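The structure under discussion appears below in the form of structure tokens.
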Amino acid sequence: MEAIILLLLALISLTCSIIAFATSDQIPIQDFCVADVKYSETVYGYACKDPKLVIADDFYLSGTELAGNTSNPFGSSAKRISLTQLPGLNTLGITIARADFAPWGVNPPHYHPRASEIITVVEGTIEAGFITSNPENRLLKKILVKGDVFVNPRGLVHYQRNVGDGNAAFIAALASQNPGVVMVGNAVFGSDPTISSDLLAKAFHVDENVIHKLQEAN
Ligand SMILES: *[C@@H]1O[C@H](CO)[C@@H](O)[C@H](O)[C@H]1NC(C)=O
């Protein structure tokens with residue numbers, strides 16, 4: 001009897017790990033597959049450049065210390081490093097990005113459907129937080145300074161803002177080649193075509209005029 005239970009448990013955990021494998025980036029079956037950007041990108045990334053033609057520069061990028069342009073209504077900039085810039089990332093299941101903030105600049109609530117994220121503050125003071133799923137919707141937040149790290153679990157809504165006097169910035173590492181980003185405001189109030197405003201008014205317990213304002217702003 002105990003043996004059967006053990007066997008069942010083993011089967012369940014095996015099934016779970018197969019599911020986890022199937023829903024994340026694939027494990028590479030070669031040392032690397034440097035993106036050959038002459039060909040277009042497919043859902044699994046780019047075709048591989050001939051390994052004999054691969055050079056160290058394919059895995060190298062300079063300039064991540066350069067701040068992005070924060071002259072916009074959010075006072076922030078978030079830029080993912082592309083495979084064209086760093087072709088060696090292709091098929092490795094990781095992405096890097098840099099975010100910059102003017103004083104009180106905000107990176108609005110958003111989530112990455114396919115990746116957890118680690119942010120490392122390289123300048124300034126940043127409030128960073130994420131919200132757990134229903135029904136708790138608990139906000140877990142921290143004030144971060146240079147050298148501090150914060151983790152945003154995959155698929156959870158998160159945000160950051162600059163709470164210091166000067167500029168602020170972080171470098172983000174994401175656990176997928178194609179993490180995706182869903183900006184909550186844009187998705188709900190700025191979809192194309194828009195979701196009916198009477199539906200959203202009911203969903204958010206507000207007057208339809210409030211929804212119209214939000215739809216105009218997104
Ligand atoms: C930053 O962006 C603003 C708004 O798009 C633009 O007017 C400005 O020229 C940009 N600054 C730089 C240094 O690129």
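Start at 1 and go down the list; that is how both ligands and their atoms are numbered. Note that the structure is a prediction, hence the values are computed from the model and not measured.
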_Would you say Leu140 ends up clustered with Leu144 if hydrophobic residues are merged whenever their side chains have heavy atoms under 4.5 Å apart, either directly or through other cluster members?_
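Cluster IDs for Leu144 and Leu140 match.
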*Under 3.5 Å, is there a donor-acceptor pair between the side chain of Asp58 and the main chain of Val34?*
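A pair under 3.5 Å: no.
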*Which residue, Asn162, Thr125, Asn167, forms the side chain to side chain contact (heavy atoms under 4.5 Å, CB included) with Phe101?*
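Going through Asn162, Thr125, Asn167 one by one, the side chain to side chain contact (heavy atoms under 4.5 Å, CB included) with Phe101 is satisfied by Asn162 alone.
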*With sequence neighbours left out, what residues match Lys141 under side-chain contact (heavy atoms from CB on, under 4.5 Å)?*
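side-chain contact (heavy atoms from CB on, under 4.5 Å) check on Lys141 returns Glu127, Leu139, Tyr159.
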*asked:* Can you pull out every salt bridge (charged side-chain N to carboxylate O under 4.0 Å, His left out) where at least one residue sits in residues 94-113? Sequence neighbours excluded, please.
replied: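 Listed by first then second residue: Arg98-Asp100.
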Could you go through ligand 1 and list every pair where one of its N or O atoms sits under 3.5 Å from a protein N or O, giving the atom names and the distance to one decimal?
unit_1, atom_1, unit_2, atom_2, d
ligand 1, 2 (O), Asn69, OD1, 3.3
ligand 1, 2 (O), Asn69, ND2, 2.3
ligand 1, 11 (N), Asn69, ND2, 2.9
ligand 1, 14 (O), Asn69, ND2, 3.4

List, one per line, each side-chain donor-acceptor pair under 3.5 Å for residues 190-204, sequence neighbours excluded.
unit_1, atom_1, unit_2, atom_2, d
Ser191, OG, Pro193, O, 2.9
Ser191, OG, Ile195, N, 3.4
Ser197, OG, Glu208, OE2, 2.8
Ser197, OG, His212, NE2, 3.2

